[in-house]
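Below, chains carry the letters A, B, ... as their sequence lines are ordered, and counting in each starts from 1.
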2 protein chains.
Amino acid sequence: MTDAVRQLWGAPVEEALRARPGLRLADLDARATPGFTGSKADGRAAMAATGVRLADLQERLYAHGRTGGTRSVLLVLQGPDTAGKGGVVREVLGMVDPQGVALRAFGVPTPAEREQHFLQRVRAALPPAGRIGVFDRSHHEDVLVPRVEGLVPPDVLERRYDEIVRFEEEVVAAGTTVVKVLLWVSADEQHARLRTRLTQPEKHWKYDPSDVDARLRRGAYEEAYEAVLERTSTDVAPWYVVPADRRWFARLAVTALLHRALDDLGLGWPAPTYDVAAELARLDASR
Amino acid sequence: MTDAVRQLWGAPVEEALRARPGLRLADLDARATPGFTGSKADGRAAMAATGVRLADLQERLYAHGRTGGTRSVLLVLQGPDTAGKGGVVREVLGMVDPQGVALRAFGVPTPAEREQHFLQRVRAALPPAGRIGVFDRSHHEDVLVPRVEGLVPPDVLERRYDEIVRFEEEVVAAGTTVVKVLLWVSADEQHARLRTRLTQPEKHWKYDPSDVDARLRRGAYEEAYEAVLERTSTDVAPWYVVPADRRWFARLAVTALLHRALDDLGLGWPAPTYDVAAELARLDASR
């Protein structure tokens with residue numbers, strides 16, 4: 001991060017956004033820009049500048065993955081419909097080399113997946129060494145919909161929180177930095193975004209009638225998201241809550257969180273695994 | 001493609017680059033820009049303009065994939081080391097939404113893969129409906145290295161060409177447009193690029209001693225690539241040969257070929273599968 005960009009953050013992004021115990025989502029100002037003191041234009045400039053650094057760090061991570069390194073990064077994106085998960089993927093991950101990104105969207109479990117342990121499909125999708133993995137929805141969905149809809153018995157639900165915590169501890173211990181982001185959109189902004197999907201024919205495909213069903217249970221979903229934050233935010237895999245009514249801020253915040261995660265790895269360029277001088281001589285002899 | 005961009009192409013890109021019968025790669029001018037009459041600056045501008053159109057078409061393709069459509073596009077990238085396959089992925093596919101891209105790099109087959117039919121891992125990696133699949137190397141590698149190194153008997157090799165042709169016919173018949181691109185770099189330019197990898201520490205990880213081994217057999221590889229073009233370029237899945245000494249041209253050419261492939265699908269936006277007026281009423285009632 002450049003000094004100019006750093007000055008626009010009044011507090012380090014990971015401190016400003018980390019989920020606080022007892023957070024009530026109904027009280028969250030989804031138009032706020034916690035930690036960031038700049039305007040929308042500043043935010044766009046900061047995102048572009050941070051994106052250049054992110055692309056460099058991503059290449060280092062990839063280079064290490066190609067030469068025996070074991071580190072990777074996993075971005076877990078959660079949030080209600082229209083919170084902007086897709087836009088984050090397009091605009092934030094769009095700033096780095098597609099070869100370094102392993103993207104996986106999790107939908108409603110298929111009948112075959114339903115017969116497996118809920119973490120099985122998630123384990124199978126963990127990023128290989130050297131990659132930035134992105135989960136668009138994730139195993140956290142398995143304690144959201146089932147809780148609100150009463151699809152699993154309470155004791156199973158209880159066990160799942162603990163299993164998630166242990167699972168994420170294992171993932172971190174194996175060398176993957178886990179960055180969990182809840183994008184939060186207000187009821188009014190969600191209404192406006194869904195309305196756009198219904199009034200612009202090129203956005204009709206993004207709308208699903210179940211989006212309104214979920215709106216009608218907003219209170220129950222808020223409570224379920226709060227339980228996720230409370231039960232699964234740990235020191236090794238904390239949750240970040242990103243107000244997302246301002247798209248530019250949500251994208252900037254995720255860029256900054258990812259940048260921070262990669263920067264913390266402290267990666268230089270990998271040392272060559274061959275004799276450079278000998279290879280130069282062989283190469284020149286091959287002209 | 002805008003009119004301004006179209007005027008820079010003296011011939012349609014797919015005509016200018018399609019592999020001609022009897023092509024000798026040793027005679028190919030790898031610095032040429034077939035069909036394109038503009039400068040490097042024109043090329044960059046044309047690529048950006050075509051990229052905007054490509055991103056729009058990619059979103060339509062994705063939208064259809066999400067709403068029951070069956071079409072997809074598969075870009076097959078082949079070429080010797082340093083030909084620029086990675087740069088094409090980063091710069092060309094980097095212009096579209098990462099969610100719409102399914103990228104797969106094929107390396108030397110693992111022992112388990114070697115026990116399967118050579119097309120098995122390729123079938124498993126075909127793009128889902130609505131995606132642009134990208135193969136960085138592919139099943140065509142299975143008639144290159146084995147031919148040059150004599151790893152499989154001649155009759156097996158012969159059969160593979162026919163199996164590849166039938167396989168690609170099936171893939172096309174199932175709704176996937178196949179765009180096969182051979183990026184071709186001259187021996188001198190390859191030398192210069194490998195030298196850069198050996199003299200710049202941040203590029204050491206991209207160098208592999210086997211790159212020089214392959215250079216020493218350049219003649220045999222040229223002949224093997226020519227056999228691929230001769231035996232597997234078909235009307236439904238033709239090969240395009242892209243001179244790649246000028247990186248900007250190679251990236252522009254692949255952008256234009258992909259744009260053409262998506263444009264030919266003639267996709268509008270999918271019609272809604274729900275009652276728009278009824279959903280608007282439900283949505284407004286949920287405020």
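When side chains are defined from C-beta on, B:Asp284 counts as touching A:His191, because their heavy atoms get closer than 4.5 Å. Side-chain atoms of B:Trp269 and A:Lys203, non-hydrogen and from C-beta on, never get closer than 4.5 Å to each other. Contact check for B:Arg282 versus A:Pro209: side-chain heavy atoms found under the 4.5 Å cut-off. Using a 4.5 Å heavy-atom cutoff, the side chains of B:Gln99 and A:Asp136 are in contact.
With a threshold of 4.5 angstrom between heavy atoms, A:Arg66 approaches chain B through side-chain atoms but not through N, CA, C or O. Both the backbone and the side chain of B:Pro98 come within less than 4.5 Å of a heavy atom of chain A. Of the two parts of A:Asp213, the backbone and the side chain both hold a non-hydrogen atom closer than 4.5 Å to a non-hydrogen atom of chain B. Residue contact with chain B, scored on non-hydrogen atoms closer than 4.5 Å, is absent for A:Ala187. Interface residue A:Ser286: backbone and side-chain heavy atoms are both found under 4.5 Å from chain B. A:Leu103 touches chain B through its side chain: at least one heavy atom from C-beta onward sits under 4.5 Å away, while N, CA, C and O do not.
For the options A:Pro270, A:Gly94, A:Gly86, A:Ala285, heavy-atom pairs under 4.5 Å to chain B are most numerous at A:Gly86. Among B:Glu59, B:Lys206, B:Arg215, B:Met95, the residue with the largest count of heavy-atom pairs under 4.5 Å with chain A is B:Arg215. Note: B:Arg90 leads B:Arg90, B:Gln190, B:Arg60, B:Glu91 in heavy-atom pairs under 4.5 Å with chain A. Among B:Thr199, B:Asp97, B:Leu283, B:Val101, the residue making the largest number of heavy-atom pairs under 4.5 Å with chain A is B:Leu283.
Residues B:His204 and A:Tyr274 come closest through the heavy atom pair O-OH, 2.7 Å.
Between the CG atom in A:Leu280 and the CZ atom in B:Arg197 there is a gap of 13.5 Å [rounded to 0.5 Å].
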